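Quick notes on the structure that follows.
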Amino acid sequence: MKKILVTGATGQLGAELVPFLRARYGRARVVAVGHSRPAAPELLDAGPFAVADVRDGAALARLVREHGVDTVYHLAGILSAKGEANPQLAWEVNMGGLYQVLEVARVQGCSLFFPSSIAAFGPGSPLDDTPQVTIQRPQTIYGIAKVSGELLCDYYHHRFGVDTRGLRFPGLISYVAPPGGGTTDYAVEIFSAAVAGQTFVCPLAAGTSLDMMYMPDALRAAVELMEADPARLRHRNAYNVTAMSFTPEELAAAIRVYRPDFTMRHEIDPVRQAIADSWPNRMDDCVARRDWGWRPAYDLATMTDEMLARVGSRVPATTAAS
Ligand code: SER
């Protein structure tokens with residue numbers, strides 16, 4: 001029976017992955033680890049919670065030992081735009097943290113889930129139908145840590161037999177915990193403006209196409225990958241996965257189906273724009289579909305419908321695995 005530890009448990013992905021895993025495997029079987037105590041009491045009350053810095057390998061090793069952990073979802077990290085404000089810290093946390101987690105996984109025999117990103121690609125990569133295996137020369141410290149992390153996961157698998165598995169997530173759209181510091185965050189923030197009846201000020205230019213995914217698909221993708229038959233996994237660095245690709249105007253038009261008065265104007269943030277321009281317009285995720293059966297459930301229309309309803313009422317989504 002699985003015993004799971006999740007780092008970055010209070011972040012955008014962790015805040016939803018922890019309850020999702022607890023619903024699937026049992027509350028006591030998922031140890032949530034944040035680098036500070038969560039504001040949301042649900043996380044503290046619903047199962048084991050510990051405070052640790054992912055750069056502190058000894059603390060992680062102790063938690064893994066004490067709780068008999070066999071699987072780690074290592075989500076802690078600093079996002080792309082925030083990383084550019086302090087690249088040294090971003091490297092230390094994103095790469096240093098992953099190294100510590102990989103060492104714990106090697107010594108204590110844990111499986112590891114590592115979220116890579118569209119940020120692992122760069123201007124030298126084909127930006128349309130970006131293949132699973134292609135040139136990866138990102139220009140952000142966040143993306144450089146993702147590529148390096150992918151390679152290190154691959155290395156630990158082939159050299160030490162660690163069961164490493166990863167996904168190149170697109171921008172994740174959700175309403176429970178804010179993302180904070182990412183380039184794709186506009187696609188989350190736009191919903192709060194739409195529901196409040198405000199004009200949304202978009203930091204990206206018209207025509208900027210990016211891959212995106214609604215959170216319930218991201219949770220399911222992570223768990224399906226971790227439960228997949230290892231014999232089918234030909235890639236141990238990270239798999240391309242996507243669900244939809246759109247520009248800010250396409251998202252605004254999808255919102256206007258439900259809120260015809262919604263307005264948006266552009267005030268371009270040069271840091272975020274340069275990052276977005278270097279990332280894929282649309283990834284090709286056919287290898288994930290073939291190897292372990294990946295299929296997204298949400299597209300732009302169904303995601304928009306549900307986001308408007310949830311942000312409007314702040315009702316928790318049903319995140320049961322299918
Ligand atoms: N959503 C992330 C960001 O924008 C990319 O993985 O930084």
Side-chain angles (χ1 to χ4, degrees), residues 1-38 40 42-77 93-116 149-150 152-167 169 177 218-230 233 236-239 292 319 321:
M1 189 61 190
K2 274 198 184 314
K3 195 78 193 277
I4 298 168
L5 183 143
V6 181
T7 72
T10 59
Q12 184 198 13
L13 182 51
E16 296 199 50
L17 186 65
V18 168
F20 185 82
L21 293 171
R22 284 182 173 155
R24 192 170 182 83
Y25 301 113
R27 288 156 53 129
R29 309 204 74 86
V30 181
V31 185
V33 177
H35 91 282
S36 57
R37 294 188 85 69
E42 301 90 73
L43 211 53
L44 280 176
D45 299 343
F49 182 87
V51 173
D53 187 321
V54 291
R55 293 168 293 180
D56 183 351
L60 294 174
R62 205 164 40 243
L63 283 169
V64 165
R65 248 192 333 270
E66 275 169 11
H67 292 273
V69 166
D70 56 37
T71 304
V72 178
Y73 285 75
H74 174 52
L75 311 180
V93 171
N94 294 8
M95 203 55 211
L98 175 63
Y99 172 70
Q100 296 300 338
V101 171
L102 277 164
E103 271 298 285
V104 172
R106 177 182 71 80
V107 172
Q108 304 202 43
C110 301
S111 298
L112 173 66
F113 175 81
F114 169 64
S116 185
E150 286 188 15
L152 201 59
C153 285
D154 229 3
Y155 179 77
Y156 269 68
H157 177 68
H158 292 113
R159 176 76 170 78
F160 302 120
V162 178
D163 181 17
T164 56
R165 306 180 185 205
L167 297 174
F169 276 134
L219 304 178
R220 195 169 48 78
V223 170
E224 284 179 6
L225 175 67
M226 292 307 282
E227 291 183 353
D229 175 357
L233 302 179
R236 292 304 190 135
N237 54 333
Y239 280 95
W292 49 277
T319 49

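If you're wondering where the values come from, they're calculated on a predicted model, not measured in any experiment. Numbering starts at 1 and runs along the sequence shown.
A distance of 9.5 Å separates CZ of F160 from CG of L102, quoted to the nearest 0.5 Å. For the atom pair CD (E227) and CZ (R220), the distance works out to 12.0 Å, reported to the nearest 0.5 Å. Atom OH of Y25 and atom CZ of F20 lie 8.0 Å apart (nearest 0.5 Å). The SG atom of C110 sits 13.0 Å away from the NE2 atom of H74 when rounded to the nearest 0.5 Å. Going from atom CG of D163 over to atom CE of M226 covers 6.0 Å, rounded to the nearest 0.5 Å. For the atom pair OH of Y73 and CG of L21, the computed distance is 5.0 Å after rounding to the nearest 0.5 Å.
Atom NE2 of H35 has 12 or fewer neighbouring heavy atoms from other residues, nucleotides or ligands inside a 6.0 Å radius.
When all heavy atoms of R236 and P230 are compared, the closest pair comes out as NH2-CB, 3.6 Å. Of all the heavy atoms in A9 and V18, the pair that sits closest is CB-CG2, 3.9 Å. Scanning all heavy atoms of the two residues, the minimum distance from A177 to A15 falls at CB-CB, 3.7 Å. Closest of all the heavy-atom pairs between P48 and R22 is O-NH2, 2.8 Å. Closest heavy-atom contact between H157 and T164: CB-OG1, 3.5 Å.
Within the 4.5 Å cutoff, side-chain heavy atoms of L219 are placed close to those of E16. At least one side-chain heavy atom of K2 sits less than 4.5 Å from a side-chain heavy atom of D70. Inter-residue side-chain proximity for Y156 and L98 is flagged as unmet; no heavy-atom pair is nearer than 4.5 Å. Side chains of V6 and F113 form no contact here, defined as non-hydrogen atoms less than 4.5 Å apart.
With R165 as the fixed residue, the side-chain contact (heavy atoms from CB on, under 4.5 Å) test singles out one of L225, L112, T71: L225.
A search for ring-ring contact (aromatic ring centres under 6.0 Å, His included) contacts involving F114 returns nothing, not counting sequence neighbours.
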Go through the steps to decide whether V72 and V104 satisfy the test side chain to side chain contact (heavy atoms under 4.5 Å, CB included), and finish with yes or no. CA-CA 10 Å; V72 178; V104 172; 5.8 Å; no

Which is it for L5 and H67 under the side chain to side chain contact (heavy atoms under 4.5 Å, CB included) test, yes or no, and what are the steps along the way? CA-CA 9 Å; L5 183 143; H67 292 273; 5.8 Å; no

Worked verdict on M95 versus L152 for side chain to side chain contact (heavy atoms under 4.5 Å, CB included): CA-CA 10 Å; M95 203 55 211; L152 201 59; 3.8 Å; yes

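No donor-acceptor distance shorter than 3.5 angstrom exists from the side chain of S116 to the backbone of L167, with no hydrogens or angles considered. Side chain of R27 to backbone of G47: no donor-acceptor contact under 3.5 angstrom is found.
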Extract all donor-acceptor atom pairs below 3.5 Å that involve side chains of residues 49-65 and protein atoms in other chains or at least two apart in sequence.
unit_1 : atom_1 : unit_2 : atom_2 : d
D53    : OD1    : R55    : N      : 2.9
D53    : OD1    : R55    : NE     : 3.1
D53    : OD2    : R55    : NE     : 3.4
D53    : OD2    : R55    : NH2    : 2.7
R55    : NH1    : E92    : OE1    : 2.6
D56    : OD1    : A58    : N      : 3.3
D56    : OD1    : A59    : N      : 3.1

